[in-house]
There are 2 protein chains.
Amino acid sequence: MFIELDLQSETPLYTQLIDQLIEGIASGELKPGEPLPSVRSLAEDLGINLHTVNKSYNLLKQEGFLQVHRKKGVIVQPDGMPGVTQEFEEKLRRTLRSLAAETAVRGMTEEAFVQQSRSIYRDILTNRGGEQR
Amino acid sequence: MFIELDLQSETPLYTQLIDQLIEGIASGELKPGEPLPSVRSLAEDLGINLHTVNKSYNLLKQEGFLQVHRKKGVIVQPDGMPGVTQEFEEKLRRTLRSLAAETAVRGMTEEAFVQQSRSIYRDILTNRGGEQR
DNA sequence: ATATCTGTTATATATGTAATATAACAGATA
DNA sequence: TATCTGTTATATTACATATATAACAGATAT
């Protein structure tokens with residue numbers, strides 16, 4: 001899987017990494033049970049510190065997207081992804097609310113905003129490596 | 001206008017303040033040309049430091065949502081709000097992409113996601129104090 | 001068995017952001 | 001003249017981010 005970090009971005013490295021791993025899972029590029037690179041090798045590949053990768057893995061494990069097997073190492077959650085928790089619903093609402101407000105003030109219509117949302121959602125599911133669905 | 005800050009939130013105070021002011025403009029509760037409280041009085045009302053309020057005002061001024069009049073003080077932009085800039089488009093895409101990916105992984109459908117977006121957009125425009133539109 | 005790889009933990013350091021505190025300035029207002 | 005405005009400067013505290021180095025216990029491969 002291709003991962004690219006922007007060292008200039010104001011988004012923290014561990015957040016960028018989390019985002020791209022979740023996208024990988026969403027698109028199907030990362031399948032349940034599939035092993036991820038070790039914290040050390042991925043850190044070296046990306047040119048960052050092992051602890052930064054470890055932080056991303058740990059947060060994803062904590063939320064149920066990854067598992068750590070003493071034998072298999074770190075793998076994509078094989079027993080079903082976590083559903084829509086109350087915490088996620090609140091985060092979703094908060095973030096959409098902030099976005100929608102600025103969108104409205106800047107004169108973008110409801111339909112434009114909604115179409116953007118739909119288009120991006122599809123984009124993610126569509127970006128599969130050619131397999132599945 | 002009612003402003004409430006969550007001191008426990010991980011969202012910075014100045015960001016919470018910015019969000020609520022933009023919501024106020026979007027909803028029509030804050031009208032173009034309307035004066036905002038001084039940095040000192042608002043800071044005291046909210047129980048925070050004057051520099052925190054000043055930071056929010058400055059960022060909003062920098063993006064074109066507010067004006068600073070030597071006479072009238074700080075007012076809501078009277079000469080038309082800024083439109084959809086390239087920077088905003090990129091921020092919108094990035095944020096929606098991250099949200100949509102997690103939404104999809106958690107099993108929320110495209111329609112549910114899109115409906116959330118639409119519902120929240122409407123919610124903001126609807127929360128007017130009873131005036132206008 | 002030895003060496004290597006795994007995630008994990010601990011400690012330390014450097015840097016930047018967030019938030020507060022005090023003080024002062026120039027322009028406008030009453 | 002006294003007061004209020006945004007603005008600037010300086011300092012301090014606290015926290016998040018990211019890195020560096022080291023060590024540990026469990027698993028793997030030679």
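Numbers restart at 1 for each chain; the letters A, B, ... are given by sequence-line order, proteins then strands. Everything numeric in this text was worked out from a predicted model, so none of it was measured. Below, all heavy atoms of this structure are taken into account, side chains as well, without hydrogens, waters or symmetry copies.
- To the nearest angstrom, C1' of D:dT19 lies 13 Å from CG of A:L7.
- Partners of A:Y121 according to the ring pair (Phe, Tyr, Trp, His ring centres under 6.0 Å) rule, which considers only residues two or more places apart in sequence or in another chain, are B:F113.
- Sparse packing is recorded around CD of B:E87, with 12 or fewer heavy atoms of other residues, nucleotides or ligands lying under 6.0 Å away.
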With 3.5 Å as the limit, what N/O pairs link the protein to nucleotides 23-28 of chain D?
unit_1, atom_1, unit_2, atom_2, d
D:dA23, N6, A:R40, NH2, 3.3

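- Rounded to an integer number of Å, the gap from A:E10 CD to D:dA16 P is 18 Å.
- Put simply, A:Y14 has no side-chain N or O that comes within less than 4.0 Å of OP1 or OP2 on D:dA18.
- C:dT29 is paired with D:dA2 under the criterion used here, namely a Watson-Crick or G-U wobble arrangement in which both key atom distances are under 3.5 Å.
- Look at CG on A:L42: it is 14 Å from C1' on C:dG7, rounded to the nearest Å.
- Close to C:dG7, at under 4.0 Å from its OP1 or OP2, lies no side-chain N or O of A:K55.
- Straight-line distance from the OH atom of A:Y57 to the P atom of C:dT9: 17 Å, rounded to whole Å.
- Summarising the geometry, the separation between CG on A:N49 and P on D:dA16 is reported as 18 Å, rounded to the nearest angstrom.
- At whole-Å resolution of the value, CG in B:L13 and P in D:dA14 are 17 Å apart.
- The terminal axes of the helix from C:dG7-D:dC24 to C:dC25-D:dG6, fitted over 5 pairs per end, subtend an angle of 30° to the nearest 10°.
- Where B:S41 and A:I48 meet DNA chain D, the nucleotide closest to each residue was compared, and B:S41 sits on the side nearer the 5' end.
- Residue order along DNA chain D, read from the 5' end via each residue's closest nucleotide, puts B:S38 first among B:S38 and A:T15.
- Separating the NE2 atom of A:H51 from the P atom of D:dA16 is a distance of 17 Å, rounded to the nearest angstrom.
- Close to C:dG7, at under 4.0 Å from its OP1 or OP2, lies no side-chain N or O of A:N54.
- Remark: P of C:dA10 and CG of A:N58 are 12 Å apart, rounded to the nearest angstrom.
- No side-chain donor-acceptor contact under 3.5 Å links B:T95 and B:S98.
- Heavy-atom neighbours of A:E90 CD from other residues, nucleotides or ligands within 6.0 Å: above the threshold of 12.
- The side chain of A:T52 places no N or O atom within less than 4.0 Å of a non-bridging phosphate oxygen (OP1 or OP2) of D:dT17.
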